[in-house]
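Computed from heavy atoms alone, side chains included, the values below leave out hydrogens, waters and symmetry copies.
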Amino acid sequence: MTPIELYIHIPFCVKKCLYCDFLSGVFDEKMQRRYVAALCTEIKFQAKRHPGCIVSTIYVGGGTPSWLSEDLMDAIITTVKQSFKLDPLAEISVECNPGTLSSEKLNLYRSVGINRLSIGLQSANDDELKELGRIHDYNRFLHTYDLVRKAGFDNVNVDIMTGLPHQTIAKLEKTLNAVTMLRPEHISAYSLIIEKGTHFYDKYKFDAVKQQAGMQTEDLPTDEESYNLYKFTMQYLEKKGYKRYEISNYARNGKICRHNVGYWDRVPYLGLGLGAASLFDNVRTSNISDIYKYCEISEAISSGKNVPSEHSCAYYDTEEVLSKKDAMEEFMFLGLRKIDGVARSDFYNMFAIDIEAIYGPIITALRNQGFMDAKEGRLFLTDIGIDVSNQVLSKFLLDK
């Protein structure tokens, strides 16, 4: 059977964070219930289109999936289990925000097989949380974390952010110390990116331009300060026993996020729900992003109607067959995000050609510059290469 991963998108939040450009928003319970019914229809629909697959990981993301009531999460996971064949050791993750969990929800999560939680802390400093527009303060996070542990979850990620407005090493150290004292199994440390269409873009867009140009900023850390915050995070977490296995992700022994690694290794995955992306049989697709149209399509399918589509699936908004060149670029661009890089043998097995035959001059140049190294049949970025990973990874985008 073909191993696949599932990503399930829940586009609901208590309120929209000021920096967030994800496909999410505030909807009432009636819409939440309508959407989950539509999602369950798509899950069953896609399972019939992909027979002979076994699900190795499930990731329920958003939005704030933990904002859903217990019965709606139960319906989603139960529908997946009834529709797909699951690996008995499947990793099943759910994103959670402090203030949206209860003992009842957590007990339900455990009973349906959810075995990994990702909690969005972002900062242990209440002034930074307020600046980000989060719904919680640090004490509420601590309460949520305590509930999670008491419910018996032993695979927990905590998200933090660097490069926040007015963030200093001292403030970042407070967050890192607070999180590592709790000993979560996994920590994701993301740098703030100012995205168009967000409140932060309106507020900080000119500062962001200055930052990228290496100029003095007013509110955001300068480019040099952002780099120092990033390096401090890496060094601090590694001293506390968290091994970095990808540019932004750290884990204690045996606790890497298998779903994320599958994504970087180009394991086939199906995206279910609003705007969700998929990669299967070298075809990349994305679902429609209009929640009302999405629900209408599911309701039509559920009632037995034929739903016309310009693509191979009624839910798709875009569909692209990747060329061999596209797939090679993705293999390198995604795989080199991992600290242990890519295996020459994997490249050959996937494309029936040696990696040096395609990228030999680029690899040689990067190794001579100290950005890349090789060991035991693997190619990987050095510490210096990781520091400038965007520029290095762009070298593997082949000319048209």
Side-chain angles (χ1 to χ4, degrees), residues 2-9 22-23 46 50 53 55-59 61 188 190-191 193 244-249 256-272 275-287 289 311-313 316-367 371-374 377-382 385-386 388-400:
T2 303
I4 62 167
E5 301 187 329
L6 301 183
Y7 171 77
I8 300 173
H9 189 66
F22 294 157
L23 185 57
Q46 292 288 16
H50 297 88
C53 294
V55 175
S56 57
T57 70
I58 302 170
Y59 194 97
S188 296
Y190 300 110
S191 297
I193 299 175
R244 183 164 64 155
Y245 68 98
E246 189 269 345
I247 291 175
S248 302
N249 287 277
I256 63 173
C257 179
R258 288 160 45 200
H259 182 88
N260 285 347
V261 172
Y263 172 73
W264 299 316
D265 285 342
R266 299 186 79 247
V267 172
Y269 61 90
L270 296 179
L272 304 162
S278 302
L279 174 66
F280 196 89
D281 284 344
N282 228 33
V283 178
R284 187 171 293 285
T285 60
S286 63
N287 280 0
S289 57
H311 304 295
S312 61
C313 173
Y316 294 162
D317 180 52
T318 64
E319 184 173 13
E320 177 190 9
V321 179
L322 299 182
S323 66
K324 188 174 182 178
K325 167 186 162 297
D326 294 332
M328 287 177 175
E329 289 178 351
E330 283 194 357
F331 180 95
M332 301 301 292
F333 199 88
L334 294 173
L336 287 173
R337 290 185 59 89
K338 298 180 300 175
I339 301 305
D340 66 354
V342 299
R344 287 187 171 93
S345 59
D346 289 344
F347 190 93
Y348 184 85
N349 291 338
M350 189 172 294
F351 303 113
I353 191 170
D354 289 335
I355 197 168
E356 276 80 4
I358 304 297
Y359 293 111
I362 296 171
I363 292 170
T364 298
L366 291 173
R367 293 188 69 179
F371 295 139
M372 178 176 277
D373 207 346
R378 302 189 71 87
L379 294 164
F380 53 90
L381 300 186
T382 62
I386 291 173
V388 291
S389 58
N390 287 341
Q391 297 94 308
V392 173
L393 295 176
S394 68
K395 303 294 184 183
F396 293 94
L397 300 178
L398 299 169
D399 293 335
K400 300 291 185 182

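Shown here for E329 and F396, the closest heavy-atom pair between the two residues is CG-O, 3.4 Å. Smallest separation of non-hydrogen atoms from E5 and G262: OE2-CA, 3.4 Å. Residues G271 and S278 share a closest heavy-atom pair of N-OG, 2.7 Å. In this structure, P3 and P268 approach most closely via the heavy-atom pair O-CD, 3.9 Å. Nearest heavy atoms, D373 versus R367: OD1-NH2, 3.4 Å. Of all heavy-atom pairs spanning A374 and L379, the tightest one is CB-CD2, 3.7 Å.
Summarising the geometry, atom CG belonging to L393 is positioned 9.5 Å from atom CG belonging to L366; distances are rounded to the nearest 0.5 Å. For the atom pair CG (L279) and CD (E320), the distance works out to 10.5 Å, reported to the nearest 0.5 Å. Between I358 atom CD1 and F351 atom CZ the span is 9.5 Å, to the nearest 0.5 Å. Note that CE of M372 is 10.5 Å distant from CD1 of I386, once rounded to the nearest 0.5 Å. Atom-to-atom distance recorded for M350:CE and R266:CZ is 6.0 Å, nearest 0.5 angstrom.
Not counting sequence neighbours, R244 has no partner by the salt bridge (charged side-chain N to carboxylate O under 4.0 Å, His left out) test. For Y359, the side-chain hydrogen bond (donor to acceptor under 3.5 Å, both in side chains) test picks out no residue, with sequence neighbours left out. Listed by chain and residue number, T57 satisfy the side-chain hydrogen bond (donor to acceptor under 3.5 Å, both in side chains) test with H259 (two or more places apart in sequence, or in another chain). Qualifying side-chain hydrogen bond (donor to acceptor under 3.5 Å, both in side chains) partners for T382, counting only residues two or more places apart in sequence or in other chains: none. S323 is linked by a side chain to side chain contact (heavy atoms under 4.5 Å, CB included) to K325, D326, counting only residues two or more places apart in sequence or in another chain. Residues passing the side chain to side chain contact (heavy atoms under 4.5 Å, CB included) test with T2, sequence neighbours excluded: I4, C53. Under the side chain to side chain contact (heavy atoms under 4.5 Å, CB included) criterion, F22 pairs with C20, S24, sequence neighbours left out. Considering only residues two or more places apart in sequence or on other chains, L23 meets the side chain to side chain contact (heavy atoms under 4.5 Å, CB included) condition with H9, L274, S289. Remark: S312 pairs with E319 by the side-chain hydrogen bond (donor to acceptor under 3.5 Å, both in side chains) rule, at least two apart or across chains.
Residues in residues 343-356 take part in these side chain to side chain donor-acceptor pair (under 3.5 Å) pairs, two or more places apart or across chains: R344-E356.
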Q.
Under the criterion side-chain contact (heavy atoms from CB on, under 4.5 Å), I'd like the reasoning laid out for I8 against Y59: C-alpha separation, chi angles, the key distance, then a yes or no.
A. CA-CA 6 Å; I8 300 173; Y59 194 97; over 6 Å; no
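L272 places none of its side-chain heavy atoms less than 4.5 Å from the side chain of Y7. Considering only heavy atoms from C-beta on, I247 comes within 4.5 Å of S389 through its side chain. By the 4.5 Å heavy-atom criterion applied to side chains, W264 and N249 are counted as neighbours. Side-chain contact between Y245 and V261 is present, with heavy atoms from C-beta onward closer than 4.5 Å.
Sparse packing is recorded around OH of Y263, with 12 or fewer heavy atoms of other residues, nucleotides or ligands lying under 6.0 Å away. Within 6.0 Å of atom CD1 in I353, more than 12 heavy atoms from other residues, nucleotides or ligands are found, so the atom counts as buried in its surroundings.
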Going by atom type alone, with no hydrogens or angles, which donor-acceptor pairs under 3.5 Å involve a side-chain atom of residues 331-343 and a protein atom two or more places apart or on another chain?
unit_1: R337; atom_1: NE; unit_2: E246; atom_2: OE2; d: 2.6
unit_1: R337; atom_1: NH2; unit_2: E246; atom_2: OE2; d: 2.5
unit_1: K338; atom_1: NZ; unit_2: D265; atom_2: OD1; d: 2.4
unit_1: K338; atom_1: NZ; unit_2: G341; atom_2: O; d: 3.4

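A donor-acceptor pair under 3.5 Å is formed between the side chain of N282 and the backbone N or O of L322.
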